[in-house]
S.K.: 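After the structure tokens below, expect a handful of questions from me.
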Amino acid sequence: MKKDGATTDHLPEDLSIETLLREKEALSQQVKRLIRAEGKLYEYQQELDAQLKEYKELYELNRRLNGILDIEEIFQETVSYVIQHLEYERAVFLRREEENGNYCVCALDGYYQPSEKNLVAELTIEQDAPCLSPLTDGREYLICKAGSEEPLLFGCCAKLLMTEFFLYPLGYRSHPHAAHALLVVGNSLENAGFYRRVDENPGSLLSMGNLVGLVSSLIENRIFFIRMENAREMERRAEAKYRSIFENAAEGVFQRTPEGRYLDANPALAQMLGYASPLELMTEVMDIGQQLYVEPQYHAELMRQIAAHGKVEGFEARMYRKDRSIIWVSLNMRLVPGNAGQELLYEGMAEEITNRKRGEEALRESEQKYRQLSQALEQRVKEAVDELRQKDRIMILQGRQAVMGEMISNIAHQWRQPLNMLALLAQDLLMTNKRGELGDEFIQANIKRTLEIIRQMSKTIDDFRYFYQPDKVKVDFRVLEPLEKALSLLGGSFQMHGIRTEVLQSGDPVVHGYLNEFVQVLLNILINARDALIASEAATPLISIKLSSEGGKTAVSITDNAGGVPEEIKDKIFEPYFTTKGPEQGTGIGLFMCKTIIEKSMGGTLTVRNVGNGAEFRIVV
Amino acid sequence: MGTSVGVGYSLQKNPVDAGKEAALKALQQGNITRPDFVFVFATIGYNQQVLIHAIREATSGAPLSGCSGEGIITQGMVAETNFGVCVMAIASDELSFANVQIKDIGVGVDLAGQRLAAELQPLLAPDSIACFLFVDGLVFDFDPFRAAFEKSLQRETPLPLFGGLAADNWATRKTYQYHDDQVISQGMSCVLMTGNGKVAWGVSHGCVPIGTKRTITRSKGNIIYEIDGVPALEALKDYVEEGSESQWNKMTLNLCLGFKTPEHIRKAYGEFFVRYMMDKDDREGYVTIQSDVTDGTELWIVRRDKDLIRQGLRDISRQIKEKTGAARPKLVMQFECMGRGKVVFREQEKIELLRSLQEDVGADLPWIGFYTYGEIGPISSFNCIHNFTAIVAAVY
């Protein structure tokens, strides 16, 4: 204790109180730090637990999905996982349709009213929907947060019935330009508070990223697997198909080495070459060129052609069968190159053509015989045609002679009166002289009359000669000219029977042909018309001739009013030797001859029809 | 017949499917065709009405009581998720359960106590065993309620109250109470158990104070206005990370308030009881707890000690076994504070703790519970509310 006592005693106590207060304050601060630290620790602990739980569940999901081959089942497991473990309210998987590229719902899970679920199940997102464009631009995902007014995503919200969502594309590798599937997870407005919120915090993105990565990889693997399976199946089918074709082909199919050994052969080839099996063929034949080819040089040529062109088609050669019998074979072969241009093998097909070869030989012989026969036949036909032509000429000649006879008869008839007139004129001279009345004037009148008659008689000869000049060449002639001549020749006969004729002409038609033959035709038809009129005793017999040009051709129609051709004979009147007259009146070759002349010599037509109360013969040349 | 009890649970998201699954599992486990009573605890992600309807349908319309929680607990399973439901189905000819409900307790909890007493009075019998209480934790003040309730019932010894304060997921600020077909909020659902049976229970919190004593310098009822002369929020802000004020409900799970246990229950309970700050007012700076305090009340910041919690659960099973002896409990209810769930324990730790407790009390017993905003259970013969506490009640 100091001299002043009390002051010295207070100092240590104050000091200790102050120290205690400081220590208390320090302790208090430590407590606060401890509480804060503990709070943070528990927070991190929760986060860690949540992550561990998630990873564990993801691991379990991975194990489950690895055992699943069906993609639809993978989708369903994934959406269930999202709902059960990632704690989002709704999850939807949309799968890309191969036909149109649009995305359609293939799996969904979560809490929906039944009507909502049906609505979402029918959802389709077009592949070129604007809301997906950021994905094609390379974005990893789309996010729509509650309250977002992003126009592109707003429509999606309504369709998906989610106020907030993540949208992830999956399976890009299987489709370079569009994802194979879309995964949408999110929440509706009214329930969002009870679920994991859609937020771009690291935890949420990590969760979704892990899931999407896992499922995307699985999808791609499954797609690859399915494609592999499909490819294998197609390969198997192709192999089976090929094998079936190979084994069952009717043609021989083979693969061989350039050196001449068979690598593969089908039963048809073995059988063709007389071996019991393809194996026996491949085993016994070591040098195709020497062992099988009858002429080895053919094999050499075959090899040369393949080397030059890479393939050969229809190469024919003779080959030995096992029993040394010979067959003909047609080969199609091609070169199958190996790696780096090295020849690997030849493959091809062989068809036995022995029968065909025999058939060809037989055909050649048959053809030769046929050719000879054909030539002989041609000759005979030519001879027959010549004969027929000769007969035609004879018939035409006969016809002409018949007409000539008719003409001569007409001429004789026409000359009778003029000759009588000449006789009368001569007698008249004598008697007038006897009476002493013969004078110059009388003599001149008599001579004039006589000369006129002689002139007319001479004209008849001229007309006759006009018609019967031989035809040597075809000429162009006016139809009217021979017609007038014919009518002139027959005028007397027509007059005698009271037959009137009329000629109606349109233009001045010309015909190219044999004049005299045409005249023969006209005369024949006119004479037939005269005879028909006489036979029918027509009251006012008339023959009407019309000349006209029709379509560049000349038409001559000769019509009578003799009652027409009876129907029962109309088809026969142009047949040779057919006649309705007695044998003394006609030979029946007239109309046949006319038809032959008009149709064969002049390339025209001669037809008959009944018109009015008569027949019309129509010539068109 | 005795008593048949079955428990089922479901974590499905669809309320119809979840309710049906949990109920059918319970019936199947208990081998019950038509239950006499059903307890239901569920988390709040479900459409509660649809959920309860599905359970009622599956349980043939048996009387039903329960509430929402932050998580659910059954035999070997604990789930703190927005979608979880557990159902206990009971068929018994030795125990009877009568349920009542009280709505709108927010208008006056003491009045609620009177109303509940009035409802229960006609149902009380000499062999009434206990009352299970499920109350909206967001609007409840236990002390005035208890006082009014016990006063109105006028029993020689208080009717033991077990139960929990209905919870949500810290975010929605709405809890639910179930009574038959009805789902209400700001109410309470109560079940009176009568018959040939007893309840053995244990209570433990596992919290330990740290730091120095603080003093409530201004308060009213269950509202603390000032601590050490400073607005309560101001006084407490140093204990929380900046920026975490927006998650008050969750943040305050790490900021427990410890008070000296009243003398009459200190021996049975321990030196401190713990309180959770349910609510706050940023403008006036006060905080709300679930029981009344007075000016001058000393408080400590307490922290949950995992070792103490483990020890506490062992104490619980010991307490129960001391009472049950060789008798096998017919059913067990667990009311666990949400502050003892995933916010403090790793998932595996939590499950191991639960399994350990359940094995201690009795393997394969029908076990149901939920994570609460507060726990109700007697200490000795005194009905108390607890926070950061586990209460396990075994009916035997």
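Naming convention: chains lettered A, B, ... in sequence-line order (proteins, then strands); numbering from 1 in each chain.
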S.K.: Are A/Tyr195 and B/Phe83 near enough that their ring centres are under 6.0 Å apart?
M.R.: yes
S.K.: Please classify the contact between A/Leu41 and chain B as side chain, backbone, both or neither, with a heavy-atom cut-off of under 4.5 Å.
M.R.: neither
S.K.: Show the nearest heavy-atom pair for residues A/Phe194 and B/Gly45, with the distance to one decimal.
M.R.: CG-CA, 3.4 Å
S.K.: Is atom NZ of B/Lys306 surrounded by more than 12 heavy atoms (other residues, nucleotides or ligands) closer than 6.0 Å?
M.R.: yes
S.K.: Quick check for you: to the nearest 0.5 Å, what is the distance between B/Thr81 atom OG1 and A/Glu87 atom CD?
M.R.: 4.0 Å
S.K.: Given the rule in the side-chain contact (heavy atoms from CB on, under 4.5 Å) test, do A/Asp109 and B/Lys13 qualify, once you have shown the distances and angles that lead to the verdict?
M.R.: CA-CA 10 Å; A/Asp109 201 350; B/Lys13 303 293 192 296; over 6 Å; no
S.K.: Can you say whether B/Asn169 sits under 4.5 Å from chain A via the side chain, the backbone, both, or neither, judging by heavy atoms?
M.R.: side chain
S.K.: Is it the backbone or the side chain of B/Leu11 that comes under 4.5 Å from a heavy atom of chain A, or both, or neither?
M.R.: backbone
S.K.: Counting heavy-atom pairs closer than 4.5 Å to chain B, which one of A/Asn191, A/Leu34, A/Ile83 comes out on top?
M.R.: A/Ile83
S.K.: Tell me which of these, A/Asp49, A/Val31, A/Leu52, has more heavy-atom pairs under 4.5 Å with chain B than the rest.
M.R.: A/Asp49
S.K.: Starting at CG of B/Leu236, measure out to NZ of A/Lys32 and round the result to the nearest 0.5 Å.
M.R.: 9.0 Å
S.K.: Does a sphere of radius 6.0 Å around CZ in B/Phe273 hold more than 12 heavy atoms from other residues, nucleotides or ligands, not counting ones at 6.0 Å or beyond?
M.R.: yes
S.K.: For A/His85, look at atom NE2 and say whether over 12 heavy atoms of other residues, nucleotides or ligands are found less than 6.0 Å away.
M.R.: yes
S.K.: Step through the shown structure and confirm whether more than 12 heavy atoms of other residues, nucleotides or ligands are within 6.0 Å of NZ on B/Lys350.
M.R.: yes
S.K.: Among B/Lys342, B/Glu347, B/Arg304, who wins on heavy-atom pairs under 4.5 Å with chain A?
M.R.: B/Lys342
S.K.: Could you state the interatomic distance from CD (A/Gln84) to CD (B/Gln12), rounded to the nearest 0.5 Å?
M.R.: 6.5 Å
S.K.: Given that the side chain runs from C-beta out, which part of A/Glu38 has a heavy atom under 4.5 Å from chain B: side chain, backbone, both or neither?
M.R.: side chain
S.K.: Given heavy-atom pairs under 4.5 angstrom as the criterion, report whether the side chain, backbone, both or neither of A/Lys53 touches chain B.
M.R.: neither
S.K.: Hey, what do you get for CG (B/Asn82) to CZ (A/Arg196), rounding to the nearest 0.5 Å?
M.R.: 12.5 Å
S.K.: Select one option (side chain, backbone, both, neither) describing which atoms of B/Ile301 are under 4.5 Å from chain A's heavy atoms.
M.R.: side chain
